[in-house]
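Throughout, a chain's letter reflects where its sequence line sits, starting with A, and its residues are numbered from 1.
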There are 2 protein chains.
Amino acid sequence: MSLNPLKLAPQDCGDCPIRHRAVCSRCDGPELARLEEMKYYRSFEAGQNVVWSGDRMDFVASVVSGIASMTQTMEDGRRQMVGLLLPSDFVGRPGRTVAPYDVTATTDLVMCCFRRKPFEDMMATTPHVAQRLLEMTLDELDAAREWMLLLGRKTAREKIASLLAILARRDTGLKAKAAKGPISFDLPLTREEMADYLGLTLETVSRQMNALKRDGVVELAERRRIIVPDFDRLAEETGDDADGGFLS
Amino acid sequence: MSLNPLKLAPQDCGDCPIRHRAVCSRCDGPELARLEEMKYYRSFEAGQNVVWSGDRMDFVASVVSGIASMTQTMEDGRRQMVGLLLPSDFVGRPGRTVAPYDVTATTDLVMCCFRRKPFEDMMATTPHVAQRLLEMTLDELDAAREWMLLLGRKTAREKIASLLAILARRDTGLKAKAAKGPISFDLPLTREEMADYLGLTLETVSRQMNALKRDGVVELAERRRIIVPDFDRLAEETGDDADGGFLS
DNA sequence: TGATTGCCTTGATCAGGATCAAATGAAAGG
DNA sequence: CCTTTCATTTGATCCTGATCAAGGCAATCA
């Protein structure tokens with residue numbers, strides 16, 4: 001099975017670190033118990049590789065803490081990030097045995113894994129699980145398509161602003177665009193990783209970050225902390241329309 | 001429900017034009033009969049809109065003939081195609097009511113539709129269907145990610161070659177990269193549509209198409225017909241590695 | 001403490017593709 | 001047949017972001 005991220009709603013996870021409740025929020029008792037039985041944890045250090053493209057993958061997993069990225073690399077070394085896995089994101093593809101992308105821990109990382117076979121068996125016998133996974137995959141597909149718009153049509157400045165807005169939303173848990181008062185969050189990516197996300201070079205990322213700083217859109221604090229004085233202002237810089245597709 | 005394409009394997013479709021056998025290749029009798037009951041056809045003229053972003057969508061569908069495209073548009077008019085729907089592709093998202101993208105018929109188009117509600121009901125009671133849809137969605141996600149690599153890291157020439165290779169493969173049904181002898185197929189897109197697919201301008205598309213022609217990679221025949229004297233040669237121009245991810 | 005290393009910034013220059021503009025070609029309609 | 005319209009080509013110029021090259025800064029380690 002190869003890797004794909006499927007977002008789990010954090011609120012479904014309760015205090016269970018593996019958050020697998022979200023996989024089947026309507027399952028009680030037996031299914032949850034079965035999930036509980038087959039789970040195990042793996043941790044990785046920052047920079048360590050989780051799987052290589054082409055590897056056999058015998059598990060699906062969800063991110064407990066830390067961040068991983070999925071990247072594709074061309075023969076001559078050009079790299080494009082195609083997935084960014086944050087806590088509560090799901091990874092893995094029921095039914096596939098080979099990973100199509102490299103997955104790398106960009107920070108220290110803990111994942112909660114389920115062996116593929118029993119997980120698939122449960123999927124086959126528990127309709128809710130398959131449906132929930134389908135829903136999560138559709139969300140991921142939407143995200144990929146917004147990403148495509150970013151890669152294909154946005155300017156460097158808009159790309160940076162978009163990425164910061166995405167991270168800010170994920171980190172602070174805000175769904176809507178509007179937000180009063182300053183927001184701050186940790187930037188978990190290096191300039192190079194941001195560049196790979198955005199289809200830019202690291203120099204351009206650096207320049208545009210500082211341009212946004214000069215213009216008062218963000219402040220760059222110690223230890224890669226980002227302060228956003230006015231989220232709406234940042235949102236304006238993304239090039240997205242104000243209401244931004246939060247309809248279901 | 002909003003739109004997403006899910007590829008159906010044409011070989012699963014038998015002689016049924018709606019190809020819904022592929023939705024549940026393991027279903028016999030009752031499920032197929034239910035699908036048969038709820039289906040209806042819609043046709044569109046080239047250029048006509050199927051749904052607008054934000055519209056309510058009460059059906060899922062598969063493309064019977066013709067081509068449709070999903071596009072996202074920014075306020076200032078910049079456009080990015082995020083999905084290209086060829087015959088046998090599936091469109092629609094069980095569980096969602098609002099389309100997130102514009103869907104437009106780029107040629108005359110016939111779609112076979114299923115009302116969303118009964119389709120969802122069948123999904124809920126027929127595990128195979130949900131699993132099959134999940135599989136198709138995962139394929140679509142893979143395609144989106146390859147598209148992301150194209151948008152973020154490929155040169156204009158590589159982008160054009162990649163698109164032509166994709167269309168050639170779909171049109172001629174070849175799975176592998178290798179192909180002896182010349183291939184020809186119809187280019188169903190205008191220069192502008194190609195540009196929207198590739199994140200380029202139509203002028204750049206035109207120039208690079210003619211560059212590929214000058215270099216003998218393709219021939220541009222009458223009525224938008226494309227002749228590829230040597231598919232391997234075209235494949236080399238895409239920037240993808242030779243084996244190209246045809247592992248499952 | 002100094003050296004190394006990884007990450008980031010900054011500068012100078014270049015080039016790939018965008019933009020603006022005009023001409024050509026082909027199909028459709030009166 | 002001429003006109004209109006739309007798709008495409010081609011040319012000239014511009015500009016954004018890439019590339020090449022140094023230098024700075026902070027953390028880590030000997």
Subject >> Distance, rounded to the nearest Å, where A:E158 contributes CD and D:dT16 contributes C1' >> reply: 13 Å
Original post:
Could you walk me through whether A:R79 and A:D102 pass the salt bridge (charged side-chain N to carboxylate O under 4.0 Å, His left out) check?
Top reply: CA-CA 11 Å; A:R79 279 204 310 170; A:D102 297 332; over 6 Å; no
Original post:
When rounded to the nearest 0.5 angstrom, what is the spacing between CZ in A:R214 and CD in A:Q208?
Top reply: 8.5 Å
Subject >> side-chain contact (heavy atoms from CB on, under 4.5 Å) assessment of B:L212 paired with B:L164 >> reply: CA-CA 11 Å; B:L212 287 174; B:L164 294 178; 4.3 Å; yes
Original post:
Stepwise, does the side-chain contact (heavy atoms from CB on, under 4.5 Å) test hold for A:M111 with A:L85?
Top reply: CA-CA 11 Å; A:M111 298 203 315; A:L85 301 166; over 6 Å; no
Subject >> Rounded distance in Å - CZ (B:R78) to P (D:dT16) >> reply: 13 Å
Original post:
Taking five pairs at each end of the helix from C:dT1-D:dA30 to C:dG30-D:dC1, what angle separates the two helix axes (nearest 10°)?
Top reply: 30°
**OP:** State which residues pass side-chain contact (heavy atoms from CB on, under 4.5 Å) with B:D108; sequence neighbours excluded, sorted by chain then number.
**Re:** B:E45, B:A46
**OP:** Quickly work out the B:K159 NZ to C:dG16 P distance and round it to whole Å.
**Re:** 14 Å
**OP:** May I have the distance from A:I160 (atom CD1) to C:dC8 (atom P), rounded to whole angstrom?
**Re:** 12 Å
Original post:
Thinking salt bridges, do A:R157 and A:D215 make one under a 4.0 Å N-O criterion?
Top reply: yes
Subject >> Along DNA chain C (nearest heavy atom to each residue), the more 5'-positioned of A:L189 and A:R153 >> reply: A:L189
Original post:
Looking at residues at least two apart in the chain, or sitting in another chain, which of them share a side-chain contact (heavy atoms from CB on, under 4.5 Å) with B:R78?
Top reply: A:R153, A:T155, A:E158, B:M74, B:D76
Original post:
Counting N and O atoms only, with roles assigned by atom type, does the side chain of A:D230 sit under 3.5 Å from a partner on the main chain of A:D232, one being a donor and the other an acceptor?
Top reply: yes
**OP:** Determine the interplanar angle of the A:Y197 and A:W147 rings, folded into 0 to 90°, and report it as parallel if under 30°, tilted if 30 to 60°, perpendicular if over 60°.
**Re:** parallel
**OP:** Could you tell me whether a side-chain N or O of A:T106 sits under 3.5 Å from a main-chain N or O of A:S69, the two making a donor and an acceptor?
**Re:** no
Original post:
Near DNA chain C, under 4.0 Å by heavy atom, which residues of residues 193-215 of chain B?
Top reply: B:G199, B:L200, B:T201, B:E203, B:T204, B:R207
Original post:
Any salt bridge between A:R233 and A:E237, counting N to O under 4.0 Å?
Top reply: yes
Original post:
Expressed in angstrom and rounded to an integer, what is the separation of B:R191 atom CZ from D:dA7 atom P?
Top reply: 12 Å
Distances under 3.5 Å only, N/O to N/O: pair up the protein atoms with those of nucleotides 24-28 of chain D.
none

N/O-N/O pairs, protein side and nucleotides 23-25 of chain C side, under 3.5 Å:
none

Subject >> A:L151 CG to C:dG17 C1', straight-line distance once rounded to whole Å >> reply: 17 Å
Original post:
Of A:I166, A:D196, A:L167, A:D89, which is the lone residue that meets side chain to side chain contact (heavy atoms under 4.5 Å, CB included) with A:L84?
Top reply: A:L167
Original post:
Is the side chain of A:T107 donor-acceptor paired with the backbone N or O of A:I67 at a distance under 3.5 Å, no angle test?
Top reply: yes
Subject >> N/O (side chain, B:R224) to phosphate O (OP1/OP2, D:dT8) under 4.0 Å >> reply: yes
Original post:
How far apart are the closest heavy atoms of A:L86 and A:R170, and which atoms are they?
Top reply: CB-NH2, 3.3 Å
**OP:** Grab the NZ-P distance between B:K154 and C:dG16 for me, whole Å please.
**Re:** 18 Å
